[in-house]
Amino acid sequence: ISGSMRSVFETFDIGDEKKPQAAASAARIPSRIQVAIPEKKARRVIDVMAKYVAKHGAPFEAAIKKEVLPTRIFSFLTNPDSPEGQYYRWRMYAFAQGDGPTKWRTEEF
């Protein structure tokens, strides 16, 4: 991934606002989220963490959260609404679906 990719946005669907169970939160949750690709250093850390969590599951993520000091580089773990947190969740899902570290699907899901 080149440095110019930082300005690229990937878009994906996160839900259907017409579903009855989503009706209460439909006003707060958009049907699309744009995920910004972070700078190279942060992207490397997030991608590695997302790959391990996709493979080993939520207990692994919980153990890491307990052990990692609250530093800027790992803030995506505790701040899921930040751009880095959104990228982390998207990459974790993408790895779980079989996408690779440098190529991923661009179709909406």
Side-chain angles (χ1 to χ4, degrees):
I1 300 174
S2 69
S4 64
M5 290 294 287
R6 280 181 275 168
S7 63
V8 174
F9 288 89
E10 298 294 332
T11 306
F12 58 91
D13 284 338
I14 62 166
D16 182 354
E17 294 178 327
K18 295 178 183 174
K19 291 180 181 175
Q21 64 269 25
S25 60
R28 295 187 316 253
I29 300 175
S31 62
R32 290 180 182 250
I33 294 177
Q34 290 186 332
V35 177
I37 299 174
E39 294 186 36
K40 189 175 183 177
K41 183 179 178 180
R43 187 175 67 237
R44 261 189 267 140
V45 171
I46 294 169
D47 283 352
V48 168
M49 181 65 68
K51 187 174 182 179
Y52 278 102
V53 171
K55 183 177 181 178
H56 300 290
F60 176 80
E61 182 184 50
I64 294 297
K65 283 181 181 179
K66 283 173 126 178
E67 297 297 321
V68 174
L69 295 173
T71 61
R72 188 177 181 330
I73 196 79
F74 289 105
S75 65
F76 63 90
L77 290 172
T78 56
N79 190 1
D81 294 327
S82 69
E84 293 83 5
Q86 290 177 348
Y87 175 79
Y88 167 67
R89 289 193 323 260
W90 169 63
R91 290 303 285 153
M92 188 173 38
Y93 179 83
F95 283 128
Q97 298 302 309
D99 291 349
T102 58
K103 292 185 179 184
W104 51 79
R105 288 172 270 188
T106 57
E107 303 92 34
E108 296 180 356
F109 56 86

Item to check | Asp47 CG to Met92 CE distance, which is reported to the nearest 0.5 Å | outcome: 12.0 Å
Next on the checklist: Once rounded to the nearest 0.5 Å, what's the spacing between atom OG of Ser75 and atom CD1 of Ile46?
Outcome noted: 7.5 Å
Checklist entry - Phe60: what forms a side chain to side chain contact (heavy atoms under 4.5 Å, CB included) with it, not counting sequence neighbours? => result Met49, Tyr52, Val53, His56, Ile64
Item to check | Geometric cation-pi criterion Arg91 and Phe95, 6.0 Å radius, 45° cone | outcome: yes
Next on the checklist: Minimum heavy-atom separation for Pro38 and Glu84, please, with both atom names.
Outcome noted: CB-CG, 4.4 Å
Checklist entry - Of the non-hydrogen atoms in Ala54 and Ala96, which two are nearest, and what is the gap between them? => result CB-N, 3.7 Å
Next on the checklist: Applying side chain to side chain donor-acceptor pair (under 3.5 Å), can you list everything that pairs with Glu61, at least two apart in sequence or on another chain?
Outcome noted: Tyr88
Item to check | N/O donor-acceptor pair under 3.5 Å between Arg43 side chain and Ile37 backbone | outcome: no
Checklist entry - Quick one: do the Asp99 and Tyr93 side chains pair a donor with an acceptor below 3.5 Å? => result no
